[in-house]
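First up is the structure itself, then whatever we jot down about it.
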Amino acid sequence: MFTSPALASVGMTDQQARTAGIRCDSRVLPLAHVPRAIVKRDTRGLIKIVTDADTGRIIGITALAQDAGDLAAAGVYILEAGMTTDQVANLWSPYLTMAEGLKLTAQTFTTDITKLSCCAAMNPHRDPYTGASSLATSVVRFGSVRDRTLLR
């Protein structure tokens, strides 16, 4: 089955974890908070991380996104390594990639990511320069500012 945006999952869902007797915790990050999704003008979707509540170890990742398959591929390595949300939240992640969304989702376990500096804190529905309430305006302004910075 194909969907748009794509759907991909690795590991367990929270329901599967509870059925297996694992006390779990989960967080969902809408793509409206992922800078790459904002720039691509496709914020449909989400990233969800499920953890073992006792250890913080990530036991499942689900992505509903244009690049869900790429996120799932990264998720395989995260699960295979037995990483915790703290480890993923504190690793370097390339800026302006969908993989950064995994890091941001991991950060939601301990942080309100809307309060982070730079683009992660940008409200995608309010233009940071004019205050206008428009996702399209924010994306265009964000892209043009970034392009001018890179050209200097």
Side-chain angles (χ1 to χ4, degrees), residues 1-125 128 135-136 138-140 142-147 149-151:
M1 171 191 289
F2 293 93
T3 62
S4 180
L7 176 64
S9 183
V10 295
M12 298 178 155
T13 64
D14 45 0
Q15 182 178 359
Q16 290 169 329
R18 283 192 296 275
T19 300
I22 300 170
R23 196 170 71 85
C24 66
D25 194 7
S26 64
R27 297 289 188 280
V28 175
L29 181 68
L31 292 187
H33 296 286
V34 177
R36 180 64 183 171
I38 295 168
V39 169
K40 289 173 74 172
R41 297 182 184 193
D42 190 356
T43 57
R44 300 171 301 147
L46 56 89
I47 300 170
K48 180 176 184 176
I49 293 179
V50 179
T51 66
D52 179 318
D54 297 324
T55 65
R57 187 174 57 89
I58 297 172
I59 58 175
I61 297 172
T62 300
L64 177 64
Q66 182 179 346
D67 300 312
D70 294 338
L71 292 171
V76 168
Y77 293 107
I78 290 170
L79 268 61
E80 184 63 27
M83 296 180 78
T84 66
T85 54
D86 285 342
Q87 288 173 313
V88 173
N90 291 305
L91 283 176
W92 175 83
S93 180
Y95 173 69
L96 216 52
T97 65
M98 288 303 288
E100 181 185 23
L102 291 170
K103 176 180 179 150
L104 291 170
T105 307
Q107 288 176 336
T108 65
F109 282 83
T110 58
T111 305
D112 177 357
I113 63 146
T114 64
K115 305 249 187 286
L116 296 177
S117 63
C118 189
C119 305
M122 184 175 84
N123 179 344
H125 302 290
L135 175 60
S138 294
V139 171
V140 169
F142 174 76
S144 63
V145 168
R146 175 57 95 187
D147 293 344
T149 303
L150 291 173
L151 293 175

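Worth saying up front: this structure is predicted, and the values here are computed from it rather than measured.
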Look up atom [atom1] in [X] and atom [atom2] in [Y], then write down how far apart they are to the nearest 0.5 Å.
| X | Y | atom1 | atom2 | value |
| --- | --- | --- | --- | --- |
| Cys24 | Ile58 | SG | CD1 | 13.5 Å |
| Ile61 | Leu79 | CD1 | CG | 5.5 Å |
| Leu31 | Asp42 | CG | CG | 7.5 Å |
| Ile47 | Leu102 | CD1 | CG | 5.0 Å |
| Thr84 | Ile59 | OG1 | CD1 | 13.0 Å |
| Ile113 | Thr110 | CD1 | OG1 | 11.0 Å |

Do you know the tightest heavy-atom contact between [X] and [Y]?
| X | Y | result |
| --- | --- | --- |
| Leu91 | Met83 | CD1-CE, 3.1 Å |
| Met98 | Ala37 | SD-N, 3.9 Å |
| Thr51 | Thr85 | CG2-CG2, 3.2 Å |
| Ala17 | Met12 | CA-SD, 3.8 Å |
| Ala68 | Ala8 | O-CB, 3.5 Å |
| Thr105 | Thr108 | O-OG1, 2.5 Å |

>> Is the shortest side-chain heavy-atom distance between Ser93 and Leu104 below 4.5 Å?
In response: no
> Does a side-chain heavy-atom distance below 4.5 Å link Thr62 with Leu7?
Replying inline: yes
> Got a sec, which residues hit side chain to side chain contact (heavy atoms under 4.5 Å, CB included) with Ser26, two or more places apart in sequence or on another chain?
Replying inline: Asp14, Lys48, Val50
>> Applying salt bridge (charged side-chain N to carboxylate O under 4.0 Å, His left out) as the test, list every pair that has at least one member in residues 50-75; sequence neighbours left out.
In response: Arg23-Asp54, Lys40-Asp67
>> Looking at Gln107 and Ala89, would you say the former's side chain and the latter's main chain have a donor-acceptor pair under 3.5 Å?
In response: yes
>> Please evaluate residues Val34 and Glu100 with respect to the criterion side chain to side chain contact (heavy atoms under 4.5 Å, CB included), reporting the C-alpha separation (whole Å), side-chain torsions for both, the decisive distance (0.1 Å), and the verdict.
In response: CA-CA 7 Å; Val34 177; Glu100 181 185 23; 5.5 Å; no
